[in-house]
Amino acid sequence: MSSPSVRALFLSIFLTLIFSRRNPSVLSKAEKVFTSIVQALEAETLQGNVCTKVVEAAKQLVAATGINADQILNIVRPENQMTVRRHFQ
C-alpha cells in the first residue's frame with residue numbers, strides 16, 4: 001500500500017465501517033481521528049468518491065461525539081481554509 005490513492009481508499013472503507021458500528025475506540029479518540037481527516041483534506045490526498053465518503057464519515061463522527069469541529073478546522077493554514085471548510089458546509 002504505497003500509493004496515497006490506495007491508502008485513501010482503504011481509509012475510507014475503514015472509516016465507514018468503524019463509524020457505522022460506532023466503535024468505542026474511535027469515538028473516544030474522535031478529536032484525533034477528525035484532526036487526521038482534516039490534515040488529509042488539507043494535503044489534498046483524498047479525492048473524488050473516496051473524499052466524499054470520508055467527509056460524510058467525519059460529519060457523522062462530529063455529530064455522534066459533539067467535538068468542536070471549528071476548533072480543529074482552525075489548525076489548517078489560512079491559505080487552505082476555504083479548500084478544507086468547503087467539504088463541511
Side-chain angles (χ1 to χ4, degrees):
M1 250 193 326
S2 59
S3 166
S5 61
V6 172
R7 286 194 300 261
L9 176 61
F10 280 102
L11 172 66
S12 74
I13 294 167
F14 178 70
L15 288 174
T16 301
L17 286 172
I18 59 176
F19 288 168
S20 67
R21 295 182 181 155
R22 295 188 170 261
N23 186 300
S25 307
V26 173
L27 296 178
S28 68
K29 297 191 185 326
E31 288 185 7
K32 287 183 181 184
V33 173
F34 188 75
T35 299
S36 295
I37 293 169
V38 168
Q39 290 170 334
L41 290 169
E42 182 177 20
E44 296 182 335
T45 57
L46 301 172
Q47 303 283 319
N49 196 32
V50 171
C51 181
T52 301
K53 288 180 181 180
V54 171
V55 168
E56 285 305 314
K59 289 176 181 178
Q60 291 174 14
L61 179 66
V62 170
T65 61
I67 61 171
N68 188 340
D70 283 328
Q71 182 180 1
I72 296 168
L73 288 167
N74 284 332
I75 67 168
V76 175
R77 292 187 306 258
E79 61 270 19
N80 296 333
Q81 280 286 327
M82 291 305 297
T83 301
V84 173
R85 286 184 178 272
R86 72 178 163 81
H87 293 287
F88 295 100
Q89 295 177 347

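We're numbering straight along the sequence, starting at 1.
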Please lay out, stage by stage, how Glu56 and Lys53 fare under the test salt bridge (charged side-chain N to carboxylate O under 4.0 Å, His left out). CA-CA 5 Å; Glu56 285 305 314; Lys53 288 180 181 180; over 6 Å; no

Quick note, ring-ring contact (aromatic ring centres under 6.0 Å, His included) partners involving residues 45-89, not counting sequence neighbours, are Phe34-Phe88

Sequence neighbours left out, what pairs pass salt bridge (Lys or Arg N to Asp or Glu O under 4.0 Å) with at least one residue falling in residues 64-74? Asp70-Arg85

Strictly by ring-ring contact (aromatic ring centres under 6.0 Å, His included), give each pair with a member in residues 53-75 just once, sequence neighbours left out. none

Would you indicate whether Glu79, at its atom CD, is surrounded by more than 12 heavy atoms from other residues, nucleotides or ligands within a distance under 6.0 Å? yes

Okay, side chain of Thr65, backbone of Leu27: is any donor-acceptor separation there less than 3.5 Å? no

If you compare all heavy atoms of Leu41 against all heavy atoms of Val84, which two are closest, and at what distance to 0.1 Å? C-CG2, 4.1 Å

Which pairs with one or both residues in residues 60-69 pass salt bridge (Lys or Arg N to Asp or Glu O under 4.0 Å), sequence neighbours excluded? none

In Å, rounded to the nearest 0.5 Å, how long is the span from CG of Asn68 to CG of Leu73? 9.0 Å

What pairs meet the ring-ring contact (aromatic ring centres under 6.0 Å, His included) rule with one or both residues in residues 44-77, with sequence neighbours excluded? none

Applied to residues 28-48, the salt bridge (Lys or Arg N to Asp or Glu O under 4.0 Å) test, sequence neighbours excluded, yields Glu42-Arg77

Heavy-atom closest pair (Ile37 atom, Ala58 atom, distance to 0.1 Å) is CD1-CB, 3.8 Å

